[in-house]
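Following: one structure in structure tokens, then a few remarks.
In what follows, residues are counted from 1 in the order of the sequence shown. Computed from a predicted structure; not experimentally measured.
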Amino acid sequence: MVGFIILFTGFLFFFNIGNRDLWAPDEPRYAQVSKEMRDSGNFIVPHLNSEPYPDKPPLLFWLINASSLLSGKITPLSARLPSALAGIGCCLAVFFFGRRIFQNNRIALLSSLILATSSKFLWMAHRVAFDVILTFFVMMALLCFYQGYTEQKNRGWRYILFYVFMALGVLTKGPIGFILPFCIVLTYLFVKRDARTLKATKPWIGGALFAALVFSWVYLAIIYGGKEYTHQILFKQNVGRFASSFAHRRPFYYFFINFPINFMPWSVFIPGVVIYAFSRKGKEKRQHILLPAIWFSVIFVFFSITSGKRDIYVLPLYPAASLL
């Protein structure tokens with residue numbers, strides 16, 4: 001089944017990604033930032049048109065440069081390759097998640113195929129963007145936590161990897177890479193009345209590793225980027241977007257309308273899922289869907305209360321929707 005998922009999603013996500021130009025506004029900008037990073041040799045502070053680019057952390061630009069090593073230059077294919085590979089990784093992670101939760105390979109495979117063929121996820125896996133990569137790291141953090149939570153073998157390493165993947169999420173798109181998976185896990189343990197498990201996740205070791213990965217870049221960025229860059233990347237692009245966004249301001253009900261459209265064709269089953277979950281028969285299955293339900297709800301509520309909204313912001317809840 002793993003081989004089938006790789007072949008199927010590889011065909012979907014690699015199809016034609018190198019045969020069309022980079023589409024404005026985002027794709028050419030991210031490719032240009034990556035090119036200037038390579039040309040200048042400054043891999044700490046991203047630049048656009050020779051000016052510091054504080055909108056996002058550098059991990060996507062590092063990955064684009066890494067995928068460009070074979071060709072020697074940044075092309076549409078090499079720029080989109082990280083998103084396509086992350087898309088395949090997300091579908092594989094959903095399969096392993098589904099197999100772990102439901103103890104059923106068929107359900108796991110269907111969950112993976114639903115994610116791969118949901119319209120917005122399929123579209124974003126063909127784009128130069130941060131969001132599929134962030135989704136992959138959020139998923140891997142949750143998968144490592146859940147594997148550690150549900151089995152004794154290698155539990156310590158899985159919990160440590162939980163923190164590592166959160167750190168990589170932060171280096172992809174800022175604090176949201178930590179906030180989303182940590183709030184999901186915290187809510188899940190609260191509902192399970194099992195807060196003691198937080199101590200078992202080795203927060204001292206994992207937290208130290210998380211800090212080493214994130215703040216090693218932050219420290220160097222402060223040194224090389226200066227005061228203005230630091231203010232932009234740490235406050236305006238994160239706290240500012242949450243509290244009083246300078247762009248993409250939307251009403252609180254934005255995702256109630258937007259998500260069902262972007263999750264087509266599978267969103268037609270959402271009412272049935274809700275009805276089944278509250279039925280007498282579905283009551284027996286609620287423990288199986290508890291984590292995906294919390295995962296979906298936390299992200300949906302979080303981005304609904306933020307002032308800045310875009311449809312791609314909630315991409316990390318698409319795997320949970322696929323499992324549900």
Let me confirm one number: the [atom1]-[atom2] distance from [X] to [Y], rounded to the nearest 0.5 Å.
X      : Y      : atom1 : atom2 : value
Ser118 : Asn262 : OG    : CG    : 9.0 Å
Leu317 : Ser322 : CG    : OG    : 9.5 Å
Leu180 : Phe303 : CG    : CZ    : 5.0 Å
Phe145 : Arg158 : CZ    : CZ    : 13.0 Å
Leu213 : Leu168 : CG    : CG    : 6.5 Å
Leu291 : Leu142 : CG    : CG    : 6.5 Å

Does the side chain of [X] reach to within under 4.5 Å of the side chain of [Y], using non-hydrogen atoms?
X      : Y      : value
Thr201 : Tyr163 : yes
Lys173 : Asp131 : yes
Ile289 : Leu323 : no
Leu12  : Leu122 : yes
Val185 : Tyr146 : no
Leu63  : Leu59  : yes
Tyr159 : Leu198 : no
Arg80  : Leu22  : yes

May I have the step-by-step check of side chain to side chain contact (heavy atoms under 4.5 Å, CB included) for Ser112 and Phe8, ending in yes or no? CA-CA 10 Å; Ser112 179; Phe8 180 76; over 6 Å; no
Hey, are Glu36 and Gln32 close enough side-chain-wise for a donor-acceptor pair under 3.5 Å? yes
So which atom in [X] and which in [Y] form the shortest heavy-atom distance, rounded to 0.1 Å?
X      : Y      : value
Glu151 : Arg100 : OE1-NH1, 2.7 Å
Gly72  : Arg38  : O-NH1, 3.3 Å
Cys183 : Val298 : CB-CG1, 4.0 Å
Pro319 : Pro316 : CD-O, 3.4 Å
Pro82  : Leu60  : CB-CD1, 4.5 Å
Ser67  : Leu81  : CB-CD2, 3.9 Å

Test item: [X] side-chain N/O and [Y] main-chain N/O as donor-acceptor pair under 3.5 Å:
X      : Y      : value
Ser267 : Ile261 : no
Lys56  : Thr172 : no
Ser78  : Ile74  : no

Assert yes or no for the condition that the ring centre distance of [X] to [Y] is strictly below 6.0 Å.
X      : Y      : result
Tyr30  : Phe130 : yes
Trp295 : Phe97  : yes
Phe263 : Phe259 : yes
Phe61  : Phe43  : no

Using the rule that Ile, Leu, Val, Met, Phe, Trp and Tyr join whenever any side-chain heavy atoms are under 4.5 Å apart, tell me whether [X] and [Y] fall into a single cluster.
X      : Y      : answer
Phe162 : Trp204 : no
Leu7   : Phe121 : no
Ile294 : Phe182 : yes
Leu324 : Leu110 : no
Tyr276 : Phe278 : no

Kindly determine whether Ile205 and Ile160 satisfy side chain to side chain contact (heavy atoms under 4.5 Å, CB included), including the steps that lead there. CA-CA 7 Å; Ile205 299 174; Ile160 290 172; 3.9 Å; yes
If you draw a 6.0 Å radius around [atom1] in [X], do more than 12 non-hydrogen atoms from other residues or ligands fall strictly inside?
X      : atom1 : answer
Asp39  : CG    : yes
Leu70  : CG    : no
Lys120 : NZ    : yes

Thinking salt bridges, do Arg310 and Asp26 make one under a 4.0 Å N-O criterion? yes
With side chain to side chain contact (heavy atoms under 4.5 Å, CB included) as the test, would you mind laying out the steps for Phe14 and Ile88 before giving the verdict? CA-CA 10 Å; Phe14 287 133; Ile88 295 172; 3.7 Å; yes
Just say parallel, tilted or perpendicular for the rings of Phe210 and Phe178, cut-offs at 30° and 60°. tilted
Any idea how Phe252 and Phe256 line up, ring-wise: parallel (<30°), tilted (30 to 60°), or perpendicular (>60°)? perpendicular
Under the side chain to side chain contact (heavy atoms under 4.5 Å, CB included) rule, what do Tyr318 and Thr135 come out as? Steps first, then yes or no, please. CA-CA 9 Å; Tyr318 279 61; Thr135 299; over 6 Å; no
